[in-house]
Amino acid sequence: ISHNRMLFLQAGYRGANTLLIFQGAKLLLAAGLPLALLLANTFILHKPINMVALFAFLLAVIGYGLPLRWVKMAINRRKTRITQGFPDALDLLTVCVEAGMGLDSAINRVAIEMADTNKSISDEFKMLGMEIRAGRTRRDALKNLAARTDLEDVNSLATLIIQTDKFGTSIGPALRIHADAMRTKRFQRAEEIASKIPTKLIFPLLLFIFPCLFIVMVAPAVIQAIRAWKGM
């Protein structure tokens, strides 16, 4: 798979015309933004041509890179959604396997159950199930899943299932242990985010809240001092 195609898969863009739309957007923005600036300068701005040419070149570079930036932002958002919902999907997969379902049936069940709560995970498990039903080996399908998501948690699950199939061990206990580890990891991630909140609040406090408090506390005294000085 080409680099751009892999980026689209990681962002969740799987349409047949995705690459064409992406290239068209790059060319359209690279040509359209400088053209809009030139038209604005001709009819409204009337700035020196050298300055306009420089800004037009910068706009062309920015416009050409904007679609790629958009795709990368979509990838980050999708990774965040998958990371947040993956422990729940793994718990559901574990329950299905321990209830006696086969792994392929459990994967399809997870895809169905997660459709309402986390569509990104549902789509990935759906694609995984479709690849297995289409005749691709489970090993290759799991590797494709790890490549499409590009997440350590998903990659570790794929490695776990591949190793379990390879050595013929029971999948249920292995999934249970892995699900416990994922829940612990999510809890630790939440604790890490919470521990950063006081540091992030320092700058809003200094810039917005403390000046207001200072004004409220000091202003009456200043007003009284000014009145007393005028009275003297």
Side-chain angles (χ1 to χ4, degrees), residues 1-86 89 114-115 117-128 130-131 140-159 185-186 189-190 192-193 196-197 199-204 206-208:
I1 300 178
S2 65
H3 177 67
N4 285 337
R5 180 62 177 166
M6 182 56 68
L7 289 178
F8 299 148
L9 290 175
Q10 291 175 359
Y13 302 142
R14 294 170 180 164
N17 298 323
T18 303
L19 181 59
L20 182 63
I21 295 172
F22 176 73
Q23 298 292 356
K26 289 173 70 173
L27 294 176
L28 180 63
L29 289 174
L33 292 180
L35 180 61
L37 177 62
L38 292 176
L39 291 174
N41 184 67
T42 301
F43 296 104
I44 301 174
L45 300 177
H46 307 293
K47 297 295 182 180
I49 190 63
N50 293 336
M51 180 185 300
V52 173
L54 176 61
F55 279 101
F57 174 76
L58 292 176
L59 284 176
V61 174
I62 293 172
Y64 190 79
L66 273 178
L68 181 59
R69 179 60 182 167
W70 176 270
V71 171
K72 289 185 177 180
M73 289 173 61
I75 291 173
N76 291 332
R77 289 194 299 268
R78 195 163 187 270
K79 283 184 176 181
T80 300
R81 290 194 298 269
I82 293 175
T83 301
Q84 291 173 347
F86 192 70
M114 295 294 295
T117 58
N118 197 311
K119 193 172 183 305
S120 299
I121 292 180
S122 176
D123 290 343
E124 290 301 335
F125 274 82
K126 245 180 227 179
M127 181 66 68
L128 175 62
M130 289 172 59
E131 287 188 350
D140 292 339
L142 288 167
K143 285 184 176 180
N144 290 339
L145 173 66
R148 286 195 306 270
T149 55
D150 192 27
L151 288 170
E152 181 183 352
D153 294 346
V154 181
N155 185 59
S156 61
L157 174 64
T159 303
K185 190 174 181 180
R186 181 168 63 177
R189 194 181 294 119
E192 181 181 354
I193 294 173
K196 293 179 180 178
I197 291 177
T199 304
K200 293 180 178 179
L201 286 176
I202 290 177
F203 294 103
L206 292 177
L207 294 176
F208 303 107

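This one's a predicted model, so the numbers in the text were calculated from it and none came from an experiment.
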Rounded distance [0.5 Å steps], CG in L206 versus CG in L201:
10.5 Å
Between atom CG of N41 and atom CD1 of I49, what is the distance when rounded to the nearest 0.5 Å?
6.0 Å
Criterion side chain to side chain contact (heavy atoms under 4.5 Å, CB included) on V71 and N4, from CA distance to verdict:
CA-CA 10 Å; V71 171; N4 285 337; over 6 Å; no
Please determine whether the number of non-hydrogen atoms from other residues, nucleotides or ligands lying under 6.0 Å from atom CZ of F55 exceeds 12.
no
All heavy atoms of D153 vs all of T83, minimum pair found to be OD2-CG2, 4.3 Å
Are more than 12 heavy atoms, taken from residues, nucleotides or ligands other than E152, located less than 6.0 Å from that residue's CD atom?
no
What are the two closest heavy atoms between T149 and L145, and how far apart are they?
OG1-O, 3.0 Å
Taking the basic N atoms (NZ, or NE/NH1/NH2) and the acidic carboxylate oxygens, is any pair closer than 4.0 Å for E124 and K79?
no
K126: side chain to side chain donor-acceptor pair (under 3.5 Å) partners, not counting sequence neighbours
none
Determine whether a donor-acceptor pair (N or O, by modelled atom type, separation under 3.5 Å) exists between the side chain of R14 and the backbone of F8.
no
L37 CG to L58 CG distance, which is reported to the nearest 0.5 Å:
10.0 Å
The criterion is ring pair (Phe, Tyr, Trp, His ring centres under 6.0 Å); which residues satisfy it with Y13, sequence neighbours excluded?
none
Drop me the distance from M6's CE to R148's CZ, to the nearest 0.5 angstrom.
8.5 Å
Where is the tightest heavy-atom contact between K26 and P67, given as atom of each residue plus distance?
CG-CG, 3.5 Å
Quick check: are there more than 12 heavy atoms from other residues, nucleotides or ligands sitting under 6.0 Å from NZ of K185?
yes
Taking every non-hydrogen atom, the tightest pair across G63 and L33
CA-CD1, 3.8 Å
Restricting to non-hydrogen atoms, name the atom on R78 and the atom on Q10 that form the minimum distance, rounded to 0.1 Å.
CD-O, 3.4 Å
With a 4.5 Å cut-off on side-chain heavy atoms, are N144 and L9 touching?
no
Passing candidate, side chain to side chain contact (heavy atoms under 4.5 Å, CB included) with F86, options N118, L157, L151:
L157
Interatomic distance, CG@L35 vs CG@L28, rounded to 0.5 Å, equals 10.0 Å
Of all heavy-atom pairs between A146 and A158, which one has the smallest distance, and what is that distance?
CB-CB, 4.4 Å
Euclidean distance, I121 CD1 relative to R81 CZ, rounded to 0.5 Å:
10.0 Å
